[in-house]
Participant: 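Okay, here's the structure, questions in a sec.
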Amino acid sequence: MLEFKNVTFKYDEDETDMLENLSFDVNEGEFISIIGRSGCGKSTVFRLINGLLTPQKGEILFDGQNIKSMRNYSAYMPQKDLLFPWRTIEKNISLAMEIQKKSKAEIKKQAEEMLKEVGLWEYKDKYPKDLSGGMRQRASFARTLLSGSSLFLLDEPFSALDSLTKISLQEWLLTEWEKHKKTVLFITHDVEEAIFLSEKIYVVSDFPITHFEEFKIPLPYPRKREDMKRSDIVELKEMLIKNLRQEAVL
Ligand SMILES: Nc1ncnc2c1ncn2[C@@H]1O[C@H](COP(=O)(O)OP(=O)(O)OP(=O)(O)O)[C@@H](O)[C@H]1O
Ligand SMILES: [Mg+2]
């Protein structure tokens with residue numbers, strides 16, 4: 001579905017490349033997490049995918065087509081929600097549909113279904129400031145789902161939440177993913193979160209980024225918390241943490 005082919009990228013003001021000849025694939029319906037030390041270029045990869053940045057060399061393809069000529073193929077959800085404070089929750093999640101010029105009746109119907117699905121129906125007339133952090137992230141996710149894109153770029157969406165809210169949102173996200181069959185790329189600093197959620201983890205282990213180290217998670221879906229205690233999973237987690245810490249020292 002998504003293909004990086006020998007992508008090289010450098011920020012104008014930098015001397016060295018951030019990405020060098022990076023190639024990787026993402027298949028339709030996959031849930032992949034990307035982990036790597038702070039500042040290694042993870043969000044930059046997302047900005048290249050959504051076309052906010054353009055590579056100096058190489059190609060980025062979506063369903064075999066260069067993304068240069070495409071729009072609305074991916075939806076980006078950052079750590080801090082991008083809900084508009086002056087719009088109600090219902091109006092916030094309806095935004096993409098308004099831009100797509102859907103009819104008022106259609107927008108209302110889809111917004112209602114989605115608000116019920118994410119458990120925010122009673123909050124539809126509230127403003128973002130009236131919601132908890134977890135609720136705001138659910139509202140952001142509802143908006144992302146209604147954008148009509150099939151590739152979701154989630155950039156540390158749960159990192160600002162307390163640990164209990166985070167755990168319930170992780171489970172909630174997996175249920176939504178299994179239901180909607182979207183393709184998810186998920187950036188996180190939290191190795192346990194990456195293991196619990198993903199089918200595969202891409203580790204950024206070099207600079208400039210020339211490749212991702214790939215780890216498959218040997219757990220079936222639906223995921224269970226108890227599985228995180230399995231000895232092979234604990235070992236994998238320790239190995240990934242060690243790997244990331246070594247890089248942090250360099
Ligand atoms: N617009 C920009 N212009 C120049 N350099 C930038 C720009 N945005 C980011 N950088 C630099 O590029 C590097 C990678 O940034 P990026 O945001 O991709 O890292 P990251 O892996 O997402 O980090 P974090 O885990 O802290 O979010 C950083 O050193 C950053 O300072
Ligand atoms: Mg980042």
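One-based numbering, in listed order, for ligands and for the atoms of each.
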Participant: What atoms in ligand 1 come closer than 4.0 Å to a heavy atom of H189?
Facilitator: 25 (O)
Participant: How close does the nearest protein non-hydrogen atom get to atom 11 (C) of ligand 1, and which residue and atom is it?
Facilitator: Y11 CE1, 4.0 Å
Participant: Hey, which atoms in ligand 1 end up nearer than 4.0 Å to a heavy atom of G39?
Facilitator: 13 (C), 14 (C), 19 (O), 20 (P), 21 (O), 23 (O), 24 (P), 25 (O), 26 (O), 28 (C), 29 (O)
Participant: L22 and side-chain contact (heavy atoms from CB on, under 4.5 Å): which single residue from I209, I60, L48, T210 fits?
Facilitator: I209
Participant: Within 4.0 Å of atom 30 (C) of ligand 1 (strictly less), any protein heavy atom?
Facilitator: no
Participant: Please step through side chain to side chain contact (heavy atoms under 4.5 Å, CB included) for the pair S132 and Y123, ending with a clear verdict.
Facilitator: CA-CA 11 Å; S132 70; Y123 295 87; over 6 Å; no
Participant: Using a 4.0 Å cut-off to any heavy atom of M18, which atoms of ligand 1 qualify?
Facilitator: 12 (O), 13 (C), 14 (C)
Participant: Check step by step if side-chain hydrogen bond (donor to acceptor under 3.5 Å, both in side chains) holds for E20 and T8.
Facilitator: CA-CA 4 Å; E20 210 168 78; T8 295; over 6 Å; no
Participant: Would G36 count as a contact of ligand 1 if the rule is a heavy atom under 4.0 Å away?
Facilitator: no
Participant: If you count heavy atoms of other groups shown closer than 6.0 angstrom to NZ of K102, is the number above 12?
Facilitator: yes
Participant: Using a distance threshold of 2.8 Å, state whether an N, O or S atom of S43 lies below it from the Mg ion (ligand 2).
Facilitator: yes
Participant: Going by the order shown, which atoms of ligand 1 are within less than 4.0 Å of some heavy atom of E156?
Facilitator: 25 (O), 27 (O)
Participant: Is there a donor-acceptor contact under 3.5 Å linking the side chains of T183 and E28?
Facilitator: no
Participant: Tell me: protein heavy atom nearest atom 17 (O) of ligand 1, and distance?
Facilitator: R47 NH2, 3.5 Å
Participant: I need the nearest protein heavy-atom contact for atom 16 (P) of ligand 1: residue, atom name and distance, please.
Facilitator: T44 OG1, 3.6 Å
